[in-house]
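Taking it in order: structure first as structure tokens, then the write-up.
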Amino acid sequence: MNEKQSLLDKRYMRMAMIWAENSYCKRRQVGALMVKDKRIISDGYNGTPSGFENICEDQEGNTKAYVLHAEANAITKVARSHNSSQGATIYVTACPCIDCAKLIIQAGIVRVVYGEPYHAEDGLNLLHRAGIDVSFCDKKLL
């Protein structure tokens with residue numbers, strides 16, 4: 001990767017980290033930005049579906065089953081717009097899970113940059129298997 005791309009990756013990851021602050025989730029706040037042709041075409045953060053209460057955890061502190069991940073929110077948001085995610089890069093502050101990896105593949109996203117590892121690597125493995133370019137941009141170093 002060239003130096004210019006590395007600088008852009010760090011810049012977009014910092015922006016995704018700021019976007020994550022919009023999440024009402026207490027356990028973990030995750031943000032995502034979708035970029036195509038050096039333009040942000042979508043964004044998302046983890047949280048409840050539109051119209052639901054902004055409470056992501058149950059009484060025991062577990063994430064509610066219907067909470068959407070940041071990547072899913074960004075992908076569905078771009079689907080409702082006049083933009084296409086085909087050929088885009090998604091910057092996400094946490095490593096995609098298996099379900100988000102499937103959405104990323106189906107959305108035609110060609111590159112994933114993530115900022116924090118995840119205990120399960122099945123999402124990463126699926127992205128690699130699909131031929132998607134995956135890069136780690138350690139958000140702790142930003």
Side-chain angles (χ1 to χ4, degrees), residues 1 4-142:
M1 175 181 1
K4 185 174 182 177
Q5 186 62 58
S6 178
L7 290 172
L8 283 172
D9 287 351
K10 290 174 184 174
R11 187 172 297 140
Y12 286 128
M13 184 59 67
R14 286 193 306 269
M15 293 170 73
M17 291 166 60
I18 291 169
W19 202 246
E21 295 173 11
N22 288 316
S23 173
Y24 286 91
C25 296
K26 294 178 182 170
R27 281 189 54 223
R28 187 176 197 190
Q29 294 180 314
V30 180
L33 289 180
M34 195 179 305
V35 177
K36 185 173 176 181
D37 301 325
K38 297 182 183 173
R39 292 177 315 150
I40 296 170
I41 61 169
S42 189
D43 53 61
Y45 51 88
N46 58 326
T48 57
S50 298
F52 282 62
E53 74 289 347
N54 287 321
I55 301 170
C56 299
E57 294 84 12
D58 63 20
Q59 307 292 19
E60 290 79 41
N62 299 312
T63 301
K64 294 178 180 177
Y66 55 84
V67 168
L68 293 160
H69 289 188
E71 305 95 314
N73 268 326
I75 291 167
T76 56
K77 187 174 181 179
V78 78
R80 293 177 66 183
S81 74
H82 296 298
N83 287 313
S84 168
S85 55
Q86 188 71 38
T89 296
I90 191 165
Y91 293 86
V92 61
T93 59
C95 180
C97 69
I98 188 77
D99 290 324
C100 288
K102 292 185 279 188
L103 292 173
I104 289 166
I105 293 164
Q106 289 301 97
I109 294 168
V110 297
R111 186 163 182 258
V112 174
V113 181
Y114 69 99
E116 181 180 295
Y118 188 59
H119 62 87
E121 293 192 357
D122 50 354
L124 280 183
N125 293 337
L126 187 63
L127 292 171
H128 287 298
R129 183 174 171 196
I132 293 175
D133 179 15
V134 178
S135 298
F136 177 62
C137 179
D138 194 341
K139 68 179 197 176
K140 292 180 202 167
L141 303 178
L142 304 177

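All values derive from a computational prediction rather than experimental measurement.
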Minimal non-hydrogen separation, P49 against Y66, with atom names: CD-O, 3.5 Å
Between atom OH of Y24 and atom OG1 of T48, what is the distance when rounded to the nearest 0.5 Å? 9.0 Å
Nearest heavy-atom neighbours spanning A20 and G31: CB-N, 3.3 Å
Short side-chain to backbone donor-acceptor contact, S42 and M34, under 3.5 Å: no
Shortest non-hydrogen contact from F136 to P117? CE1-CD, 3.9 Å
Measure the OH-SG distance between Y114 and C100 for me, rounded to the nearest 0.5 Å. 14.5 Å
Say whether Y91 and D9, considering side chains only, have a donor N or O and an acceptor N or O under 3.5 Å apart. yes
Please report the interatomic distance OG(S23) to OH(Y45), rounded to the nearest 0.5 Å. 7.5 Å
What residue pairs, at least two apart or across chains, pass side-chain hydrogen bond (donor to acceptor under 3.5 Å, both in side chains) with a residue in residues 124-133? R111-D133
Tell me, please, which residues at least two apart from I55 pass side-chain contact (heavy atoms from CB on, under 4.5 Å). E53, K64
The complete set of side-chain hydrogen bond (donor to acceptor under 3.5 Å, both in side chains) pairs with one or both residues in residues 11-20, sequence neighbours excluded, reads W19-D43
Could you tell me if the side chain of M15 sits less than 4.5 Å from the side chain of I18, heavy atoms only? no
Validation row: H69, D99 side chains within 4.5 angstrom (heavy atoms): no
Using side-chain contact (heavy atoms from CB on, under 4.5 Å), reason through N46 and N73 one step at a time and then give a plain yes or no. CA-CA 7 Å; N46 58 326; N73 268 326; 5.8 Å; no
Should the heavy atoms of other residues, nucleotides or ligands under 6.0 Å from CD of Q106 be counted, would the total exceed 12? no
Of V30, D122, I104, V134, which meets side chain to side chain contact (heavy atoms under 4.5 Å, CB included) against P96? I104
Holding to side-chain contact (heavy atoms from CB on, under 4.5 Å), I want the full list of residues that pass it with S81, two or more places apart in sequence or in another chain. V78, N83
Could you check whether any side-chain heavy atom of L103 comes within less than 4.5 Å of a side-chain heavy atom of E71, counting everything from C-beta outward? no
Please, which pairs that meet salt bridge (charged side-chain N to carboxylate O under 4.0 Å, His left out) have at least one residue in residues 16-41, sequence neighbours excluded? R28-E116
Going by disulfide bond (SG atoms under 2.5 Å apart), name the pairs with one or both residues in residues 44-87, residues two or more places apart or in two chains. C25-C56
Would you say S85's side chain and I109's backbone share a donor-acceptor pair under 3.5 angstrom? no
